[in-house]
Asks: 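Following this message is one structure expressed as structure tokens.
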Amino acid sequence: MIGYLIKNNFKIMFRNGINLVIYIIGPVIISAVLASAFSALFESYEGTSDFKAGYSIEKDSDLYPYIDILKDIGEENGVSLTEYEPGTVEENIRDHDLGGFVEFGKDSYKVYRTSDAENEGMILSYLMSTFFNAVISGDTEDIQLRVEHPDYAPAIDSTDYYGIIYIVYFGWLAIVCAAGLLSNERRHNIPERLQVSNVSCFQIYMSRLVPLVCSVGLSLAIAAVFNTLLLGVHWGNILLSSVIVFVLIVAASSFGLMLYEFTNSTVAAIFIAFALIWVMGFIGGTFESYILSSLPEGLKYLMPIYHSNRALVELSSMGKSDYATSAIAISVAIAVVCSVFSVGVAGIKRRVK
């Protein structure tokens, strides 16, 4: 009996194939648009290697005694400071390919930086500020820069990032693809008819879950292939990435079907799912890259979508990720818990009726 139900539900879902088509072309179009729009932002995030900076100093400057110390500290932190004759700053930067320039006056300094070397300019400004704060405080014997080493964020371009992220986001909205199936059940009173048979609540649930997971999985697999062929998205470890996406689709489908059992309304289930997943996506890197996000890390860790996003992005850029295990474990936990609730609520409804 359950085999017949699954087969019949597959037919219903493919008969209402517009949602599946949206699941194929939607991620491709959105990925292409966002990858183009934010390409410059991702390029500006690329790490900065050692660079050269120039400086000039007035002959009667009070800062002369500190220049050698400053140059030594600069070398330790990847900034090579070279003295140039006072003149046009722009010419010195252009002619000597400098990452920035500092003009030392009698008792002050001024940092110049260009839009072509914004990262280098920021590092140079930080170096100057930190150094002279130490000078002002009188601590010139052992001046040390406070260097922070944040969690490693792998280099990745906008095409790979958004080409992956929106496969995840559409996967979490799996309940949308079940709209036709669930509406058909209500229209023909399928659950009520099955109550008089020997079909259990678990079998009815699986007859919905299996077609939904397979349909969404197939659609997103095609979308991922299009992203790879048309946009050049790199997936890194394809097998592990496929497992992560498949498990999150199972979790998302279970979550959506649980909402449907609680609300007994397709529209309400889709609306609630969309609202919750939008929030998860906002925090977890769907709309703003989690690499550049200023939101607290602890808040991101609470979002299941963040673990999937980060695992897949790091697999693409590094070939490995410490988040792969948590992404799979969280998705499995969600799938199990939501499935138990769905079957339990359906059983309570059946006994009440």
Side-chain angles (χ1 to χ4, degrees), residues 38-158 160-161 288-297 313-314 317-320 322:
F38 293 107
S39 59
L41 181 63
F42 274 74
E43 290 171 2
S44 68
Y45 178 72
E46 292 178 359
T48 302
S49 58
D50 296 354
F51 65 94
K52 297 185 299 181
Y55 74 92
S56 64
I57 185 168
E58 293 182 4
K59 296 189 180 299
D60 60 346
S61 175
D62 297 334
L63 304 178
Y64 256 116
Y66 305 108
I67 295 300
D68 288 339
I69 302 174
L70 176 61
K71 291 171 70 174
D72 290 341
I73 293 176
E75 290 289 345
E76 293 174 2
N77 291 274
V79 183
S80 178
L81 286 165
T82 304
E83 183 177 4
Y84 295 93
E85 291 294 326
T88 304
V89 173
E90 290 79 3
E91 290 180 0
N92 281 327
I93 292 176
R94 183 180 63 251
D95 295 344
H96 302 285
D97 191 26
L98 303 177
F101 199 91
V102 186
E103 280 188 336
F104 293 103
K106 179 173 175 52
D107 56 3
S108 63
Y109 68 90
K110 185 175 183 179
V111 177
Y112 294 86
R113 60 192 192 192
T114 67
S115 58
D116 295 333
E118 187 67 23
N119 288 350
E120 290 86 345
M122 292 176 65
I123 292 173
L124 183 61
S125 296
Y126 173 66
L127 172 65
M128 294 297 113
S129 174
T130 303
F131 178 79
F132 284 105
N133 283 339
V135 170
I136 292 171
S137 68
D139 183 14
T140 58
E141 295 297 324
D142 185 20
I143 299 174
Q144 301 245 340
L145 286 182
R146 178 173 171 268
V147 180
E148 296 182 354
H149 299 280
D151 291 341
Y152 175 66
I156 187 168
D157 62 29
S158 59
D160 285 346
Y161 185 86
E288 177 189 24
S289 165
Y290 71 78
I291 299 172
L292 302 176
S293 174
S294 59
L295 292 171
E297 287 295 316
V313 168
E314 290 184 356
S317 60
M318 299 190 299
K320 61 180 181 179
D322 294 335

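Keep in mind that the numbers below use all heavy atoms, side chains included, and drop hydrogens, waters and symmetry copies. Worth saying up front: this structure is predicted, and the values here are computed from it rather than measured. The chain is numbered in sequence order, starting from 1.
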Asks: Measuring from atom CD of Glu58 to atom OH of Tyr64, what distance do you get when rounded to the nearest 0.5 angstrom?
Replies: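 Result: 9.5 Å between the selected atoms.
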
Asks: Can you sort out the partners of Ser108 under side-chain contact (heavy atoms from CB on, under 4.5 Å), two or more places apart, ordered by chain and number?
Replies: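 side-chain contact (heavy atoms from CB on, under 4.5 Å) check on Ser108 returns nothing, list empty.
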
Asks: Does Asp60, at its CG atom, have more than 12 non-hydrogen atoms belonging to other residues, nucleotides or ligands within less than 6.0 Å?
Replies: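 More than 12 within 6.0 Å, yes.
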
Asks: Taking the side chain from Ser129 and the backbone from Ser125, do they hold a donor-acceptor pair closer than 3.5 Å?
Replies: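 It does not hold such a pair.
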
Asks: So which heavy atom on Met128 is nearest to which on Val111, and how close?
Replies: CG-CG2, 3.8 Å

Asks: So do the side chains of Tyr55 and Leu70 get within less than 4.5 Å of each other, counting heavy atoms only?
Replies: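 Side chain of Tyr55 against side chain of Leu70, heavy atoms only: no contact under 4.5 Å found.
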
Asks: Between CD of Glu83 and CD of Glu85, what distance do you get to the nearest 0.5 Å?
Replies: 7.0 Å

Asks: Once ring-ring contact (aromatic ring centres under 6.0 Å, His included) is applied, do any residues pair with Phe101, and if so which ones, sequence neighbours excluded?
Replies: none

Asks: Using side-chain contact (heavy atoms from CB on, under 4.5 Å) as the criterion, list what pairs up with Asp62, not counting sequence neighbours.
Replies: Lys106, Asp107

Asks: Output the distance between atom OH (Tyr84) and atom NE2 (His96), rounded to the nearest 0.5 Å.
Replies: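 Spacing of OH (Tyr84) from NE2 (His96) equals 4.5 Å.
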
Asks: Output all residues satisfying side-chain contact (heavy atoms from CB on, under 4.5 Å) with Glu90, sequence neighbours left out; order by chain, then residue number.
Replies: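 Expected list: Thr88.
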
Asks: Can you name the closest pair of heavy atoms from Gly105 and Ser61 and give their distance?
Replies: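 For Gly105 versus Ser61, the nearest heavy atoms are O-OG, 2.6 Å.
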
Asks: Within this structure, what is the CG-CD1 distance for the pair Leu81 and Ile67, rounded to the nearest 0.5 Å?
Replies: 8.0 Å

Asks: Which residues pass the side-chain hydrogen bond (donor to acceptor under 3.5 Å, both in side chains) test with Tyr112, sequence neighbours left out?
Replies: Glu103

